[in-house]
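These values consider heavy atoms only, across backbone and side chains, with no hydrogens, waters or symmetry-generated copies. The chains referred to below are lettered A, B, ... by the order of the sequence lines, with proteins before strands, and numbering in each begins at 1.
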There are 2 protein chains.
Amino acid sequence: MSELVYYDLKRAATMTPSMPIQVARELGRRIVAGTIEEGTLIDDEASLTERYQVSRVVIRDAVKILVGKGLLDVRRGIGTRVKPRSQWVLWDDDVLAWHVNAPPNQDYINQLMDIRLAFEPKASRWAAERATPEALAEIEAAVVGMELEQGSVEKFIIADALFHRAVLRAARNDYLTAMEGVIYSALLISVQLTNQDPRKNSSSVSFHRDVYQAIADKDGELAEKLTKKLLKDAIRRLHEAFANRES
Amino acid sequence: MSELVYYDLKRAATMTPSMPIQVARELGRRIVAGTIEEGTLIDDEASLTERYQVSRVVIRDAVKILVGKGLLDVRRGIGTRVKPRSQWVLWDDDVLAWHVNAPPNQDYINQLMDIRLAFEPKASRWAAERATPEALAEIEAAVVGMELEQGSVEKFIIADALFHRAVLRAARNDYLTAMEGVIYSALLISVQLTNQDPRKNSSSVSFHRDVYQAIADKDGELAEKLTKKLLKDAIRRLHEAFANRES
DNA sequence: ATGTTTATATATGTATTACATAAATAATTA
DNA sequence: TAATTATTTATGTAATACATATATAAACAT
């Protein structure tokens, strides 16, 4: 489980990604994980051609993908350098996905959860105000999916992610919709960090149903409040896990 | 004024962008503006090579940039198709910049402002709670910049943008910091839509100073509230402008 | 000895040609 | 008529050559 689940959720799991994409992922993962440090010059095109046994065209394509995500900076005569993290396109789906495989970082997950706390309660409110019947049905389907549990931890997390995605979509704002990656990344990293079976939080599923009910009842105020509560509970459990980790 | 100011703010204004970037911008602008419609097949590589008088390598690089932003979908044997807007990487800086030059769209600016309303008040609160002295100084400098007005509308807008950016940075969350583009895009489009001199809103500048003061006083509650008020006022003025537009 | 200019090495940028491969369409055959 | 097989179209990859920006080293003049 991990990055692969992320790509599943994004339906971006092509059977055989093109060669430049494969190389870009390989390099991207290493950069995000910190294996290749910021400011470092990576191998030149000739060496990479050798290492990955592909033509220069493929290498250059791969590098260009990472330049687009702000991970690399290419300058002729000099080479290709890893950009400082502050300049990465953090909202990018691949960058978010690669973080799932990176070494656990408490500060990072805190930032993700803060962002969720900023957006999702508002999204719930807007969903209550303007969700279409289809969007409502999608949210409820996700709740049902969580309730069934479906046997595996992985499937439970996917159902959880689908719930939050459905709420974002119901809010009918393209920028919110485009934020689903933050949720996937946060959920997947949380599970790894706490190292707990999320299904054991007995209250969690009913919390989700309550949010759905508030949205279905078009009670924006309540939907916002409950979503905030739901997220703060998740954050609390994360902090508890950190505390245990230390000891 | 327009897209160029956006790039100024992002400090991305290279004197001479590489040829692939030039071609990508040309195509990107047209797609975002809707000149090239969704689902359309764009010209094939040979034709584009002809039109722009560059090699196939350059065309392919340009196309690949737009693929990275979700604007194009390339499939061999078929050609290159404009993806539906729902799949664009709306958070991308270039995509946001190109929207500034696109035909005015009320629904779009509403979405941008809703997003600002979701995260900026929270950002102000966090800024009040954790801003460093340097970050505080940056915010105040921006307020002073607005107060001086500096003669031109353009410079005033830039000062305004710098204020909101400084607040985001002060909140010390990398994902917030990476959202500055939304603010630039929203400000630039707003000015075009209302077609008013923003300096004429006499209350606006003092509102900004009030927000700064709350942050400096570490009063998160107040900072959040004032920012919400400031944004709602901006939204109200936008709606008034729309009303006048109709008549 | 120091500062400036000039050559050279290095690495990416662009152009060109050739061929591979996926997808759609047309032609052929059972 | 349906299934199969060419053929066409357009992108994917490879290889080579040369252009150009940058840094480093060498030569030179003061």
J.: What I want to check is whether an N or O donor and acceptor connect the side chain of B:R56 with the base of D:dG12 at under 3.5 Å.
T.: yes
J.: Which two nucleotides bound the region of DNA chain C that has atoms under 4.0 Å from heavy atoms of chain A, read 5' to 3'?
T.: C:dT10 to C:dT14
J.: Of all the nucleotides listed (D:dT20, D:dG12, D:dT13), which has the minimum atom distance to the side chain of A:R76?
T.: D:dT20
J.: Where is the tightest heavy-atom contact between B:R30 and B:Y52, given as atom of each residue plus distance?
T.: NH1-OH, 4.2 Å
J.: Output yes when a side-chain donor or acceptor of B:Q53 lies under 3.5 Å from a complementary backbone atom of B:E50, and no otherwise.
T.: yes
J.: Return no unless some side-chain N or O of A:S55 is found under 4.0 Å from OP1 or OP2 of D:dT13.
T.: no
J.: Just to be sure I understand the rule, does B:V57 reach a base, reach only the sugar-phosphate, or reach nothing, if contact means heavy atoms closer than 4.0 Å?
T.: base
J.: For A:D174, does its backbone N or O pair with a side-chain atom of B:Q111 as donor and acceptor, under 3.5 Å?
T.: yes
J.: With under 30° as parallel and over 60° as perpendicular, where do the rings of A:H164 and A:H208 fit, or are they tilted in between?
T.: perpendicular
J.: Between B:D44 and A:Q53, which residue's closest nucleotide on DNA chain D lies nearer the 5′ terminus?
T.: B:D44
J.: With nearest nucleotide decided by heavy atoms, which residue, A:V58 or B:V74, maps closer to the 5′ end of DNA chain D?
T.: B:V74
J.: Can you name the one residue among B:R51, B:R76, B:R60, B:K64 that meets salt bridge (charged side-chain N to carboxylate O under 4.0 Å, His left out) with B:E45?
T.: B:R60
